[in-house]
Amino acid sequence: MLFKVTMDVQLPHTMPKETADALKSRERELAQSLQRSGKWRHLWRVVGRYANVSIFDVASSAELHDLLLTLPLFPYMKIEVEALCRHPSSIHEDER
Ligand SMILES: O=C(O)CC1=CCC(=O)O1
């Protein structure tokens, strides 16, 4: 199942830089591992915002939920999820 996920990062201004850097580093490590696994298919920066738009390919909405909860930045992100399905005019067979 494909999902579009928008993540708006909202780190508290009072968070020490070392804490924020450590969180971002752990987030990056996990995000890259999930991309290599194929579950995190696309990761795009939203221009002008500390936010990303991502496409996840997971077995179920429950798997996506559990995965999002593991993200180190989860407590500091506003997350919106939209379910996707193949467009009838798409020329890409792998979009399901
Ligand atoms: O910077 C972000 O958009 C939050 C984030 C998600 C994956 C990652 O490495 O950073």
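The residues of the chain are indexed from 1 along the displayed sequence. Side chains are part of it too, since the values below use all heavy atoms of this structure and drop only hydrogens, waters and symmetry mates. Remember, it's 1-based here, ligands and their atoms both numbered in the order they're listed.
In this structure a side-chain-to-backbone donor-acceptor pair under 3.5 Å is present from Arg86 to Ser90. Judged purely by atom type and a 3.5 angstrom limit, Arg45 uses its side chain to pair as donor or acceptor with the backbone of Ala51.
When Met7, Arg45, Glu27 are ranked by how near their heavy atoms come to atom 2 (C) of ligand 1, first place goes to Arg45.
The shortest N or O to N or O distance between Trp40 and ligand 1 is not below 3.5 Å.
Numbered from 1 in the order shown, with element, the atoms of ligand 1 that lie under 4.0 Å from a heavy atom of Ala31 read 7 (C), 9 (O). Within the listing of ligand 1, atoms 1 (O), 2 (C) sit less than 4.0 angstrom from a heavy atom of Tyr50. Per-residue contacts place Asn52 under 4.0 angstrom from the following atoms of ligand 1 (heavy atoms of the residue considered): 2 (C), 3 (O), 4 (C), 5 (C), 6 (C).
When only modelled atom types and interatomic distance are considered, Trp40 and Ser54 share a side-chain donor-acceptor pair under 3.5 Å.
At the top of the distance list for atom 9 (O) of ligand 1, counting protein heavy atoms only, stands Arg28 CA, 3.5 Å.
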**Prompt:** After noting the C-alpha distance and the side-chain angles of Leu68 and Thr70, does the key distance pass the side-chain contact (heavy atoms from CB on, under 4.5 Å) rule?
**Reply:** CA-CA 5 Å; Leu68 293 174; Thr70 68; over 6 Å; no
**Request:** Evaluate the side-chain contact (heavy atoms from CB on, under 4.5 Å) criterion for residues Lys39 and Glu63: first the C-alpha distance (whole Å), next the side-chain angles of each, then the deciding distance (0.1 Å), finally the verdict.
**Result:** CA-CA 10 Å; Lys39 289 185 189 293; Glu63 181 183 2; 2.6 Å; yes
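Environment of CD in Gln10: crowded, with over 12 heavy atoms of neighbouring residues, nucleotides or ligands closer than 6.0 Å.
Residue Val9 touches ligand 1 through its side chain alone, judged by heavy-atom distances below 4.0 Å.
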